[in-house]
Amino acid sequence: MANEMIILSGNSNRPLCEAIAAYLSVPLTKCQVRRFADMEVFVEIQENVRGEDAFIVQSTSFPTNDHLMELLIMTDALRRASARRITAVVPYFGYARQDRKPGPRTPISAKLVANLITRAGADRVLTVDLHAGQIQGFFDIPTDNLFSAPVIVRDIKERLDLSNVMVVSPDVGGVVRARALAKRIDAPLSIVDKRRERAGESEVMNIIGDVSGKSCILVDDIIDSGGTLCNAAEALLKNGAKEVYAYITHGVLSGGAVARVAASCLKELVVTDTIQATEAVRVAKNVRVISIAPLIGEAIGRTSKEESVSSLFD
Ligand code: R5P
C-alpha cells in the first residue's frame with residue numbers, strides 16, 4: 001500500500017534532507033545516485049515507489065550542473081517507476097539569477113532550467129526565497145516559494161536587542177525583501193545605494209537612512225563572492241553604524257568568499273542550510289548556519305496532506 005509520502009535525497013545536501021525526514025518521521029527512501037567512470041550520473045531507486053507521493057530534496061548548488069542533472073535523472077527514475085506524484089524540493093534554485101536577458105543574444109537560463117525540471121516529470125516544485133518571485137511563473141506546474149523569514153526572525157529575536165536595530169538592504173534591488181523583514185520585527189529600514197557616477201570612477205556607496213549608533217542587519221537572498229555584503233557592511237560602519245550583522249538565505253559562498261567574510265567588519269553572517277555548509281563555513285568564526293529543515297518539512301507534510309502552505313507565513 002502507498003505511504004503518505006516518500007523522501008529521496010540527491011547528493012547536494014544530504015544532512016538537510018535527513019533533517020527534513022527526521023522532522024516528518026519518515027525514513028529516507030533507499031536510492032543510489034552515483035557516477036560512471038566518465039562522471040555520467042546513474043540513479044537506482046532501491047525500493048518500490050509505485051503510487052507514492054514522492055519528494056526529491058536537491059539544491060542545484062555547486063557543482064550546479066551535476067546537481068541539476070541528478071535532480072532531473074532522479075525525477076525520470078521516479079516517473080518511470082510509477083510514482084503517483086513527484087515534487088522537486090529545490091531549497092536553493094541555482095540559475096535563478098539568470099531570470100531575464102541582460103543584453104542581446106543572452107539566454108534566460110532560469111526558464112530553461114524550469115522547463116527541464118518540468119519535462120523530466122516533476123508535478124510540483126517547492127523552493128525557498130526565489131531570487132525573484134516571478135520565477136514561479138517560469139513553471140507551468142504548481143510552485144511553492146517558501147520564505148525563510150520566520151526562521152530568520154526567530155533567530156534575530158533571540159539574539160539581538162530589537163529596540164536598536166535597523167534592517168538594511170545591501171542594494172536597491174533587495175528593498176522589497178528587506179522591507180518585509182523590517183515589518184516583521186517592527187524595525188526601520190535603510191538602503192545601500194551603489195552608484196558609479198562616471199564611467200571609470202569607482203562606485204560610491206550612499207546610505208539612505210540614518211544608521212548612526214544602530215545595530216544594522218543586512219538581508220539578502222544570496223551571498224556568492226561576498227562582495228555586495230562586505231562592501232555594504234564597510235559603508236554602514238563608515239556612516240556611524242555601531243555593528244553590522246547579515247542574514248542571508250542562500251550561502252553560495254564561492255571561491256574565497258568565506259575568507260573575505262572572515263576578514264571583513266561583519267560581526268556575524270548567518271546563513272540557512274539550503275546549501276550544505278563547507279568545511280570553511282563550519283570553522284569560520286563569524287559565520288553561523290541556522291536550519292530551515294523544520295520549515296521545509298512542515299511544507300512537505302502539508303503538501304502531502306493537501307493542506308495550506310501559505311498559512312505557514314501568516
Ligand atoms: C543579487 O541580485 C543578489 O541578491 C545578491 O546580492 C548577489 O548575488 C550577491 O553576490 P555577491 O556575494 O557575489 O556580491
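Just so you know, these numbers come straight off a predicted model, no measurement behind them. What's counted below: heavy atoms across the whole structure, side chains too, no hydrogens, waters or symmetry copies.
In this structure, OG on Ser310 lies 9.5 Å from CZ on Phe147, to the nearest 0.5 angstrom. Between the CZ atom in Arg79 and the CG atom in Asp123 there is a gap of 10.0 Å [rounded to 0.5 Å]. How far CD of Glu18 is from OG of Ser9: 7.0 Å, rounded to the nearest 0.5 Å. Atoms CD1 and CD1, on Ile152 and Ile290 in that order, are 5.5 Å from each other to the nearest 0.5 Å. Atom CD1 of Ile117 sits about 7.5 Å away from atom CD1 of Ile141, to the nearest 0.5 Å. Rounded to the nearest 0.5 angstrom, Ser109 OG and Arg100 CZ are separated by 12.5 Å.
Of all non-hydrogen atoms in Gly297 and Leu24, the two that sit nearest each other are O-CD2, 3.2 Å. The two residues Thr249 and Thr274 make their nearest non-hydrogen contact at O-OG1, 3.5 Å. Listed here is the closest heavy atom pair of Tyr245 and Leu266: C-CD2, 4.1 Å. In terms of heavy-atom proximity, Met166 sits nearest to Asp210 at CE-O, 3.0 Å. Taking every heavy atom of both residues into account, Ile56 and Leu71 meet most closely at CG2-CD1, 3.9 Å. The minimum heavy-atom distance between Gly51 and Arg84, with the atom names listed, is O-NE, 3.1 Å.
When ring centroids are compared, Phe93 and Phe139 come within the 6.0 Å threshold.
Electrostatic pairing of Arg195 and Asp193 counts as a salt bridge here, judged by a charged N lying under 4.0 Å from a carboxylate O. Between Arg35 and Glu70 there is a salt bridge, since at least one side-chain N of the basic residue sits less than 4.0 Å from a carboxylate O of the acidic one. Using a 4.0 Å cut-off between a side-chain N of Lys or Arg and a carboxylate O of Asp or Glu, Lys111 and Asp99 do not qualify as a salt bridge. Using a 4.0 Å cut-off between a side-chain N of Lys or Arg and a carboxylate O of Asp or Glu, Arg154 and Glu158 do not qualify as a salt bridge. The existence of a salt bridge linking Arg85 and Glu306 is confirmed by a sub-4.0 Å separation between a basic side-chain nitrogen and an acidic carboxylate oxygen.
Paired with Tyr95 under the rule side chain to side chain contact (heavy atoms under 4.5 Å, CB included), one option of Asn65, Leu112, Ile108, Ile135 passes, and it is Asn65. Of the residues Asp273, Ile275, Thr127, Leu16, the one that meets the side chain to side chain contact (heavy atoms under 4.5 Å, CB included) test with Tyr92 is Ile275. Shown are Gln58, His67, Gln276; of these, the side chain to side chain donor-acceptor pair (under 3.5 Å) with Ser12 is made only by Gln58.
Grouping the Ile, Leu, Val, Met, Phe, Trp and Tyr side chains by contacts below 4.5 angstrom, directly or via other members, places Val287 with Ile248. Using a 4.5 Å cut-off between side-chain heavy atoms of Ile, Leu, Val, Met, Phe, Trp and Tyr, with links allowed through other members, Val33 and Leu116 fall into the same hydrophobic cluster. Residues Val168 and Val153 are members of separate hydrophobic clusters, defined by side-chain heavy-atom contacts under 4.5 angstrom among Ile, Leu, Val, Met, Phe, Trp and Tyr. Under the 4.5 Å side-chain contact rule for hydrophobic residues, Leu312 and Val57 share a cluster. Linking ILVMFWY side-chain heavy atoms closer than 4.5 Å, directly or via other members, places Ile222 and Val90 in two distinct hydrophobic clusters.
Side-chain contact between Leu253 and Leu269 is present, with at least one heavy-atom pair separated by less than 4.5 Å. Leu8 places a side-chain heavy atom less than 4.5 Å from the side chain of Ile6. Side-chain contact check for Glu268 versus Lys285: every heavy-atom pair is 4.5 Å or farther apart. At least one side-chain heavy atom of Lys194 sits less than 4.5 Å from a side-chain heavy atom of Asp171. Using a 4.5 Å heavy-atom threshold, the side chains of Ile20 and Phe55 count as separate. In this structure, the side chains of Ile156 and Val165 stay at 4.5 Å or more apart for every pair of heavy atoms. Between Thr272 and Val128 there is no side-chain heavy-atom pair separated by less than 4.5 Å. Looking at heavy atoms from C-beta onward, Arg302 lies in side-chain contact with Ser311 at the 4.5 angstrom threshold.
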Walk me through it: do Leu295 and Phe313 pass the test side-chain contact (heavy atoms from CB on, under 4.5 Å)?
-> CA-CA 10 Å; Leu295 184 78; Phe313 306 100; 4.0 Å; yes
So Arg80 and Asp76, side-chain contact (heavy atoms from CB on, under 4.5 Å) or not? Walk me through it.
-> CA-CA 6 Å; Arg80 292 176 195 280; Asp76 186 74; 2.7 Å; yes
Pair Val26-Met5, side-chain contact (heavy atoms from CB on, under 4.5 Å): steps then yes or no | CA-CA 8 Å; Val26 173; Met5 73 186 86; 4.1 Å; yes
Hey, mind stepping through Thr29 and Ile7 against side-chain contact (heavy atoms from CB on, under 4.5 Å) and telling me if it holds?
-> CA-CA 6 Å; Thr29 294; Ile7 302 178; 5.9 Å; no
Enumerate donor-acceptor pairs with a distance under 3.5 Å from any side-chain N or O in residues 226-240 to protein atoms, sequence neighbours excluded.
unit_1: Asn231; atom_1: ND2; unit_2: Gly227; atom_2: O; d: 3.2
unit_1: Asn239; atom_1: ND2; unit_2: Ala235; atom_2: O; d: 2.8

For residues 175-183, run the donor-acceptor check on the side chains, cut-off 3.5 Å, and write out each pair with its distance to 0.1 Å, sequence neighbours left out.
unit_1: Arg177; atom_1: NH1; unit_2: Asp220; atom_2: OD1; d: 3.4
unit_1: Arg177; atom_1: NH2; unit_2: His131; atom_2: O; d: 3.2

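With no hydrogens or angles considered, a side-chain donor-acceptor pair links Asp224 and Ser254 at under 3.5 Å. A donor and an acceptor atom, one from each side chain of Ser215 and Glu243, are located under 3.5 Å apart. In the model, Thr143 has no side-chain atom that pairs as donor or acceptor with a side-chain atom of Gln136 under 3.5 Å.
A donor-acceptor pair under 3.5 Å is absent between the side-chain atoms of Thr87 and the main chain of Val89, judged by distance alone. Checking side-chain atoms of Asp129 against main-chain N and O of Ser148 turns up a donor-acceptor pair under 3.5 Å. Arg282 places a side-chain N or O within donor-acceptor distance of the main-chain N or O of Ala277, the cut-off being under 3.5 Å. Between the Asn286 side chain and the Lys267 main chain, no donor and acceptor come within less than 3.5 Å of each other. Checked by atom type and distance alone, the side chain of Thr75 never pairs as donor or acceptor with a backbone atom of Ala122 at under 3.5 Å. With hydrogens and angles ignored, the 3.5 Å screen pairs no side-chain donor or acceptor of Ser82 with any backbone N or O of Arg50.
Open room surrounds CG on Asp186; 12 or fewer heavy atoms of other groups in view lie less than 6.0 Å from it. Heavy-atom neighbours of Lys101 NZ from other residues, nucleotides or ligands within 6.0 Å: above the threshold of 12.
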